[in-house]
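Beneath this line is the structure, given in structure tokens, with notes to follow.
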Amino acid sequence: MTVKTLTLDGTPVSAREDETILDLCREHGVALPTLCHLEGLSEVGACRLCLVEVKGSPRLHPACTLRAEEGMEITTSSERLRRYRRQILELLFAERNHVCAICVVNGRCELQEVAYAVGLDHVRYPYRHPATQLDASHTRFMLDQGRCILCTRCVRVCDEIEGAHTWDVAGRGADSRVITDLAQPWGKSDSCTSCGKCVQVCPTGALFEKIQPAGGGTKHREFLTYIKNAREKKQWIR
Amino acid sequence: MNGEELQEIVEREGARQAALRHRVGVCAAAGCLSLGSEQVKAALVRGVEEAHLGAEVEVFGTGCLGLCEAGTLVQVESRQPDGHVCRCLYERVDAARAATVVRQHLVGGTPLAEGQLQLTDPFFALQHKVVLQGSGVSDPERLESCLAAGAYQALQKVLTELRPADVIAELTASGLRGRGGGGYPAGLKWSTVHKASGPRKIVICNADEGDPGAFMDRSVLEGDPHRVLEGMAIAGYAVGAEQGYVYVRGEYPLAISRLKTALKQAERLQLLGHRIFETGFNFRIDLRIGAGAFVCGEETALIASVEGRRGTPRPRPPYPAVSGLWGLPTLINNVETFANVPEVIRGGGQAFAAVGTERSKGTKVFALAGKISRTGLIEVPMGTPLRQIIFDIGGGIPGGKAFKAAQTGGPSGGCIPAQHLDLPVDYESLVQVGSFMGSGGLIIMDETSCMVDVAAYFMEFCRDESCGKCVPCRAGTVQMHALLQKLTRFEGSEADLAQLEELAELLKATSLCGLGQGAPNPVVSTLRYFRDEYLAHVRERRCPAGVCKGAAPPVLAAAGAGVAP
Amino acid sequence: MSAPGGSTGHPSGDKRFKMLDAALRRQQYQSDALLEILHAAQELFGFLSDDVLTYVGRSLKLPLSRVYGVATFYNLFTLKPKGAHTCTVCMGTACYVKGAGDLLAGLESAHGVKAGQTTADDQLSVVVARCVGACGVAPAVVFDLELAGQQTRASVLERVKGWRASP
């Protein structure tokens, strides 16, 4: 396997053939905000938060899907990249109904974390206040569409790790929403195995458990890489 | 079918046509069909039968004759005793007129005095037909007539005389660039797919013409489908693919049926399918029907659609040329690009490159529409000045109104104002003035169009067609459209204009695909050239064009599926 | 290519499912052909009900959410029954510039429905198309399956008047 050398914010680094720029950033402690990415799931490059500048390319590229190549010169945090990240988050906060004060994951939410990380403290775009639905039909879990950022982690984990493919996205554009089976109430789904993986991977309070421990529970995602390694490499690594 | 057999058919058909006194071509493309050309053709056929002229007169349906707003168009080619062929083009023909044509021209031998379009008129004289050369010549539903016009001869030459590398060399020499809008050098794309490795390769023809205001691809598919199929087969040979797909919009039922007919006829004569021209080359073409999603014109979204998925794009790299449909190396080109290929082979790459400008070779088909006297389909050499297209070919602005802007590139394009009328229309020049070539839609606007309203119209389109995968496009088009609507309702402020520009930069820089990246273009280009109109809306609560009335504009709901929230 | 349990048609005996089976066989039950099958189903049934979507999903061995996601992504598929007649007004750029907006407004006010809706008597559905590719004869309107060019507010209303009157 060939090793490539490239620079990350001016610092020379080496990368294995199959490493992405995001992998490299994590390895070298370079902070890069992400939301749709989750270790163990396929990459979609959808949230656009991890976009980096590549010298010689007129376009910005998502670090999560960009393979490291020999001689690349990457900039992860220029003035405009920081500005774009804030704007993308502003768009997200204004898009649906994110009311932290009454949310079950307040204080443990990835959307909040990323906002703090990029220094966002107010939203300048008008809030859209769409009419969003709540689905409490499942015995153990709930879905609040208002908190969904359409990262599709739930769709991917149910398809790639659990295998049931209960979740998918319906509609298009701003009318998109995650649905189960034929957009029936979750509790009526006969493909759902109630494994709860989707709840664990959801970055916000869109998917959450009905019964929460006092003070609110945290999400547990170790199962992702555990199961992946078990399936693919027949190695059970804890 | 081998070369000799093909030649026999060509000669037989040629002899049959030469023995006719008149060949009457009735435009059978969508525009004229909607104006009743089927009835006109039936009336002509009836008239010819009643006059017992069946052996001397042929009435056939043919591809778009160009001047759509003067439909139904009927072309009569008459062979004189001295062998000379003279051509008349009748406009606005209805069943009654058809009877007169039969009586006076076909029976009597004298063309009608009025109702004839002058073929010396700039609309016709300034065009240079390559892709549209079949119009008026061949009947898309009769393979023999297309063969007599030269169909599949380039493919035969390629299979018997050239190696794949030679074909790619000709294409590179021609300078042909992707006609779908991107303008990527076709030779380079073909070469990339040729060099890519995989268990098999695929050729896809992007016939998802989604730009509102564009109907070039539709006309080529309806009028001369074999030209496109032949181009695809030549591409298959060059890159090493045995399977091709034509991905055509579901909104084009006529194009779909003409393609199906053409495929069946070509396969029957072994011009497509197995052992083409009795060589070892196999190339099979299947249709894939789109279901109404503009974003599926984007390569990776198109691929997702052919795979039976939601049409959401994927990050590139990897590019489809290396990893496309089902992960296989895939060549995707637009209809018009493939339609140019037989000509490149027939005349050679260098001859092709003799037309056009330094970096934009060949011709371009434009759909000329909007506030212009002559709406229709035209094909001109790259580099033709915009002024010539609008005023000479297009006949200028009707009603004595003033030209305001020419919109090119559809929802990803821009508006070109009067100050740039002398612009040579080619890839580079259009980008320089803030627009881009796009697929060829050319909408002319006059003083009665409000550019803020036009910008809002295009943004609404992008918002409704956004696939929803990436945040900037999904959420940004909503915000940008809301801002533009505020402006059209005279509720906008200068802060709103600033926010509009800020979002424009964000979408252009960070969106996943061309839809989001291009969505701000109409806004940016109208702000660049018509800023005073925006400011009038903001500062004076006034619409200079008299369009915006201050009330909420009519609700333009998206087509199709009614999905409950 | 194994035929699934539904290959002998639908328990209801509705012949249209047999015709759908024919389409499935033509596509060799390949899951890639989902769009082609949904097209066929929409043509047969007029719209894609839950029942039909389930049948397609089972036949192609695809997850239901996947089928639903695809059916709701594309403009041409509809999950709600359409009226007896459909009037599709093209809102492409050329048609828009030539006054299609006014044409649509006239239709909407005359029949009391907005684009995307069906009249209460189920006779007329008004739909907007993004571009039907007949820009040379703008404004274009499609009456059921028939494309008509150079339409005016009056000509559209005239054409549609006959539909509402019929039983």
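Below, all heavy atoms of this structure are taken into account, side chains as well, without hydrogens, waters or symmetry copies. Chain identifiers are assigned alphabetically (A, B, ...) following the order of the sequence lines, protein sequences preceding nucleic acid strands; residue numbering begins at 1 within each chain.
- Taking each heavy atom of A/Gly45 and B/Pro315 in turn, the nearest pair found is CA-CG, 4.3 Å.
- Atom CD of A/Glu39 is surrounded by 12 or fewer heavy atoms from other residues, nucleotides or ligands within 6.0 Å.
- At a 4.5 Å heavy-atom cutoff, the contact between A/Ile149 and chain B is made by backbone atoms alone.
- Contact check on A/Glu95 versus B/Arg474 returns a salt bridge, with a Lys/Arg side-chain nitrogen under 4.0 Å from an Asp/Glu carboxylate oxygen.
- Distance check: A/Ile88 CD1 to B/Thr510 OG1 gives 4.5 Å after rounding to the nearest 0.5 Å.
- We find the CG-CZ distance between B/Leu503 and A/Arg124 to be 8.0 Å, quoted to the nearest 0.5 Å.
- Contact annotation for B/Ala495: neither backbone nor side-chain heavy atoms come within less than 4.5 Å of a heavy atom of chain A.
- Of the two parts of A/Arg83, only the side chain, counted from C-beta on, holds a non-hydrogen atom closer than 4.5 Å to a non-hydrogen atom of chain B.
- Within 6.0 Å of NZ in A/Lys219 there are more than 12 heavy atoms belonging to other residues, nucleotides or ligands.
- Considering only heavy-atom pairs separated by less than 4.5 Å from chain B, the leading option among A/His61, A/Arg67, A/Arg80, A/Gln87 is A/Gln87.
- Distance check, rounded to the nearest 0.5 Å: OH of A/Tyr125 to CD of B/Glu502 gives 4.0 Å.
- Between B/Gly468 and A/Ser176, the shortest heavy-atom distance links the atoms CA-OG, 4.1 Å.
- Of all heavy-atom pairs spanning B/Asp464 and A/Arg172, the tightest one is O-NH2, 2.9 Å.
- Taken to the nearest 0.5 Å, the CG atom of A/Leu91 stands 7.5 Å off from the CG atom of B/Leu507.
- In terms of heavy-atom proximity, B/Gln479 sits nearest to A/Pro126 at NE2-O, 3.1 Å.
- No part of B/Arg314 comes within reach of chain A, as not one of its non-hydrogen atoms sits under 4.5 angstrom from that chain.
- Heavy atoms only, all atoms of each residue included: A/Arg48 and B/Ser511 are closest at NH2-O, 3.3 Å.
- A donor-acceptor contact closer than 3.5 angstrom links the side chains of B/Gln517 and A/Arg59.
- The two residues A/Arg128 and B/Ala482 come nearest to each other via the heavy atoms NH1-CB, 3.5 Å.
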